[in-house]
Number of protein chains: 2
Amino acid sequence: MIYVDLVVDLYSPVPLYAQVAAVLRTKIESGELRHLDPLPSEKSIEQEHGVSRDTARRAIRMLRDEGLVFTIPQRGTFVGPPP
Amino acid sequence: MIYVDLVVDLYSPVPLYAQVAAVLRTKIESGELRHLDPLPSEKSIEQEHGVSRDTARRAIRMLRDEGLVFTIPQRGTFVGPPP
DNA sequence: GTGTATTTGTTCGTATGTATC
DNA sequence: CGATACATACGAACAAATACA
């Protein structure tokens, strides 16, 4: 089993936030995260991927811009189109 | 009414940050922004003028260097001389 | 009912890399 | 080469709403 595409690569020309977004996108498209499931919080993304909160937020924003997830303030971000 | 001097001109020899600073300076001197009023945040300057945060920061620093505004870290920038 | 922890929102501070003029 | 400009990335601090013990 290869996990290479589930970790971020500091030396890739691909921005860190885009790499993190790709990991989350894969979890959604694979069904690991299902409709209305909460995404990992910004803090847990920070810890799990070793990135800053800024980067975690950019990743989430990218998925939100794609219409894959929606965010409820002070609640979290969830899988699915904006309600 | 002419609004030309309230927008930035990418083709002007005047640096973008100086143009943005001029817009903010006008708002202060015209009274639209009053003593202790918060300046637009770096982010809103980004969005409203279509410039990078770097440029927004340079503009604010310019006004700060002029003594027109003062910045409180993590709070914002306000109209008036440094307290 | 009362704190405490969690989570997102919003600021600013700083640094690096790249491109352009 | 230096100044300008943008994108990326990390850090820090505080606010506000929600969730939970």
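Quick note on labels: first sequence line is chain A, next is B, and so on, each numbered from 1.
Using a 4.5 Å cut-off on side-chain heavy atoms (C-beta onward), Ser52(A) and Leu16(A) make no contact. Counting only heavy atoms from C-beta outward, the side chains of Arg58(B) and Asp54(B) approach each other to under 4.5 Å. Contact check for Ile60(B) versus Ile45(B): side-chain heavy atoms found under the 4.5 Å cut-off.
In the 5' to 3' direction, nucleotides of DNA chain C lying under 4.0 Å from heavy atoms of chain B begin and end at dT11(C) to dT14(C).
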Do nucleotides 12-21 of chain D as a string where each nucleotide becomes B, S or -: B if the base has a protein heavy atom under 4.0 Å, S if just the sugar-phosphate does, - if no protein is that close. BB--BBSS--
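Across the interface with DNA chain D, nearest-nucleotide mapping of Arg58(B) and Val14(A) shows Arg58(B) to be the residue nearer the 5′ end. Summary of the strand contacts: Thr55(B) and Ala18(A) both lie near DNA chain D, and taking for each the nucleotide with the nearest heavy atom, the more 5' one is attributed to Thr55(B).
Residues Leu36(A), Ile72(A), Phe78(A) make up the rest of the hydrophobic cluster containing Phe70(A), defined by ILVMFWY side-chain heavy atoms closer than 4.5 Å, directly or through other members. Val14(A) belongs to no multi-residue hydrophobic cluster, having no ILVMFWY side-chain contact under 4.5 Å with any other such residue.
Applying the side-chain hydrogen bond (donor to acceptor under 3.5 Å, both in side chains) test to pairs two or more places apart or on separate chains, those with a residue in residues 70-83 of chain A are Arg64(A)-Thr71(A), Thr71(A)-Thr77(A). Applying the salt bridge (charged side-chain N to carboxylate O under 4.0 Å, His left out) test to pairs two or more places apart or on separate chains, those with a residue in residues 31-43 of chain A are Glu42(A)-Arg53(A), Glu42(A)-Arg57(A).
Evaluation of the side-chain contact (heavy atoms from CB on, under 4.5 Å) rule for Pro15(A) yields Tyr17(A), Ala18(A) as partners, not counting sequence neighbours. Take Glu46(B) and apply the side-chain hydrogen bond (donor to acceptor under 3.5 Å, both in side chains) test, not counting sequence neighbours, and it matches no residue. Residues satisfying the side-chain hydrogen bond (donor to acceptor under 3.5 Å, both in side chains) test with Glu66(B), not counting sequence neighbours, are Arg25(B).
Across the protein-nucleic acid pair, Ile60(B) atom CD1 and dA5(D) atom C1' stand 16 Å apart, rounded to whole Å. The CG-P distance, from Asp54(A) to dA7(D), rounds to 14 Å in whole Å.
Contact check, Tyr17(A) against dT8(D): a side-chain N or O comes under 4.0 Å of OP1 or OP2.
Using a 4.0 Å cut-off on heavy atoms, the residues of residues 34-47 of chain B that approach DNA chain C are Ser41(B), Glu42(B), listed by number.
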